[in-house]
Amino acid sequence: MQASNWQVYGQKLSSRLFIGTALYPSPQVMMDAIRASKAEVITVSLRRQTPTQSKSGEQFWRMIEELDRHLLPNTAGCYSVKEAVQTAHMARELFQTDWIKLEVLGDSYNLQPDPFALVEATKILIEDGFKVFPYCTDDLVLCQKLAELGCEVLMPWGAPIGTGQGLLNPYALETLRKRLPDIALLIDAGIGKPSDAVQAIELGYDGILLNTAVAEALEPEKMAHAFAQAINAGRLAYEAGVMPKRDNAKPSTPTLDQPIWQQHG
């Protein structure tokens, strides 16, 4: 059984997994993993990979085209509003899409987004016609301001990029889900294993964006398949209604106030 479809910026999707294209041991491993993930959206970094860099770059883009997925270019590695906006415009011209994963980093140690620059860059890009997917922290006020600017999708981190720490602050993430019920929310960064993804989806998050957990696995293709199944399981559980936690035990076969069944010979 598959979980229900959803949409981002009017684009209907069946998979709730977005997957990156960096860090794989080879282009073929990348291809196999992306196919195994069933992801319909893949992220690409304009700053790290461009078709004009080399023959290997040309090969990379031929493989990306062969995958025939929706592209989500990102502004990875940008530390200023100007740099991020310029990168976004170059990405739109190159990839012919107005989707952009907006990263404006403020700290090189944990790659935490700069909330002030992120808001400023988001405002500029939305006014320029972009459909912005901002990479942000789990701060409620920041996310509210991004939503007010017109973002239909927000991508808060579970933990710093590449750490695999999972969801460090489930309370904050659950609060975001409750306070922003009409915004598509994806966990971007920090997911280390499929159970982390299940936890996020069971909280009501719409999807997961990941890269390192698959690309650096011993068997990326198998790990991609594991994440695809985990996310589907998490969404089915969320739709079915996860049982609440209780302080007291409750027997699964209650005997009080039940009739006594007797055999009649």
Side-chain angles (χ1 to χ4, degrees), residues 3 8 13-45 48-49 60 63-64 67 69-77 101 103 105 109-113 133-138 153-170 172-173 176 184-238:
V8 290
L13 300 171
S14 56
S15 171
R16 294 175 179 272
L17 175 59
F18 289 19
I19 195 165
T21 55
L23 305 176
Y24 294 91
S26 73
Q28 188 59 54
V29 171
M30 176 196 73
M31 293 270 286
D32 294 340
I34 290 174
R35 288 190 174 116
S37 75
K38 305 297 184 184
E40 296 165 281
V41 178
I42 56 178
T43 63
V44 291
S45 173
R48 296 196 188 113
Q49 302 149 333
F60 174 84
M63 299 179 88
I64 291 296
L67 286 168
R69 301 299 201 270
H70 298 291
L71 294 184
L72 178 59
N74 68 40
T75 62
K101 177 189 170 184
E103 295 184 25
L105 302 177
Y109 177 74
N110 67 357
L111 302 180
Q112 180 171 328
F133 295 67
Y135 163 59
C136 55
T137 62
D138 54 17
V153 180
L154 299 177
M155 302 200 301
W157 68 359
I161 294 173
T163 62
Q165 292 287 331
L167 308 186
L168 292 181
N169 195 341
L173 294 171
L176 287 180
L185 296 176
L186 291 86
I187 295 295
D188 177 8
I191 297 294
K193 55 188 183 299
S195 57
D196 297 335
V198 173
Q199 182 185 8
I201 299 297
E202 286 181 347
L203 287 176
Y205 275 68
D206 298 283
I208 302 291
L209 193 159
L210 56 81
N211 190 169
T212 308
V214 169
E216 294 189 352
L218 294 177
E219 298 185 50
E221 182 178 356
K222 186 176 290 186
M223 184 61 77
H225 185 62
F227 270 106
Q229 292 194 354
I231 290 170
N232 188 59
R235 185 63 190 184
L236 286 172
Y238 175 75

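In this chain, residues are counted from 1 in sequence order. Everything numeric in this text was worked out from a predicted model, so none of it was measured.
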Gln28 side chain near Met63 side chain, heavy-atom distance below 4.5 Å: yes
Would you name the heavy atoms of Tyr24 and Ala33 that are closest together and state the gap between them? CE2-CB, 3.8 Å
Would you call Met223 and Pro194 a side-chain contact if the rule is heavy atoms closer than 4.5 Å? yes
Taking only residues at least two apart or on different chains, which pairs with a member in residues 186-202 satisfy salt bridge (charged side-chain N to carboxylate O under 4.0 Å, His left out)? Lys101-Asp188, Lys193-Asp196
Nearest heavy atoms of Ile34 and Gly20, plus distance in Å: CD1-O, 4.5 Å
CD1/Ile42 to CD1/Ile64 distance, rounded to the nearest 0.5 angstrom? 4.0 Å
Distance, nearest 0.5 Å, that separates CD1 of Ile231 from CZ of Phe18: 10.5 Å
Residues two or more places apart in sequence or in another chain: which of them pass side chain to side chain contact (heavy atoms under 4.5 Å, CB included) with Lys222? Glu219
Sorted by chain and residue number, the salt bridge (charged side-chain N to carboxylate O under 4.0 Å, His left out) partners of Arg235 (sequence neighbours excluded) come out as Glu239
Does the Arg69 side chain pair with the main chain of Ala39, one donor and one acceptor, at a distance under 3.5 Å? yes
Give a yes or no on whether the backbone of Thr43 and the side-chain of Thr21 come within a donor-acceptor separation of less than 3.5 Å. yes
Listed by chain and number, what are the side-chain hydrogen bond (donor to acceptor under 3.5 Å, both in side chains) partners of Asn232, not counting sequence neighbours? none
Please examine the side chains of Pro160 and Leu168, heavy atoms only from C-beta on, and report whether any two atoms are closer than 4.5 Å. yes
Any non-hydrogen side-chain atom of Ile19 less than 4.5 Å from a side-chain atom of Leu209? no
Please name the pair of heavy atoms, one in Ala159 and one in Gly166, separated by the smallest distance, quoted to 0.1 Å. CB-O, 3.4 Å
With sequence neighbours excluded, residues passing ring pair (Phe, Tyr, Trp, His ring centres under 6.0 Å) with Phe133: Tyr9, Trp99
Test: side chain to side chain donor-acceptor pair (under 3.5 Å). Region: residues 155-167. Which pairs qualify, not counting sequence neighbours? none
Identify the heavy atoms of Pro25 and Ala215 that sit nearest to each other, and give their distance. CD-O, 3.8 Å
Side-chain contact, heavy-atom cut-off 4.5 Å: Val198 with Tyr238? no
Would you check if the side chain of Glu40 reaches a backbone N or O of Ser14 as a donor-acceptor pair within less than 3.5 Å? yes
Whether the side chain of Thr75 engages the backbone of Glu103 through a donor-acceptor N/O pair (distance < 3.5 Å, no angle test) should be reported. yes
Between Asp206 (side chain) and Leu186 (backbone), is there a donor-acceptor pair under 3.5 Å? no
According to side chain to side chain contact (heavy atoms under 4.5 Å, CB included), who are the partners of Asn169, at least two apart in sequence or on a separate chain? Asp138, Tyr171, Ala172
Of the non-hydrogen atoms in Val29 and Pro220, which two are nearest, and what is the gap between them? CG1-CG, 3.6 Å
Under a 4.5 Å cut-off applied to non-hydrogen side-chain atoms, are Pro156 and Leu176 in contact? yes
Just jot down the side-chain hydrogen bond (donor to acceptor under 3.5 Å, both in side chains) partners of Glu221, sequence neighbours excluded, or say none. none
Can you find a heavy atom in the side chain of Ile208 that is under 4.5 Å from one in the side chain of Phe227? no
Once rounded to the nearest 0.5 Å, what's the spacing between atom CG of Asn211 and atom CG of Asn74? 9.5 Å
My understanding is that only residues two or more places apart in sequence, or in another chain, count here; which of them pass side chain to side chain contact (heavy atoms under 4.5 Å, CB included) with Ala233? none
Sorted by first residue and then second, give each salt bridge (charged side-chain N to carboxylate O under 4.0 Å, His left out) pair with at least one member in residues 24-34; sequence neighbours left out. none
Apply side chain to side chain contact (heavy atoms under 4.5 Å, CB included) to the pair Lys38 and Leu17, showing each step before the final yes or no. CA-CA 8 Å; Lys38 305 297 184 184; Leu17 175 59; over 6 Å; no
Test side-chain hydrogen bond (donor to acceptor under 3.5 Å, both in side chains) applied to Ser195 - qualifying residues, sequence neighbours left out: none
Who are the side chain to side chain contact (heavy atoms under 4.5 Å, CB included) partners of Leu167, not counting sequence neighbours? Pro170, Leu173, Ile187, Ile191, Gln199, Ala200, Leu203
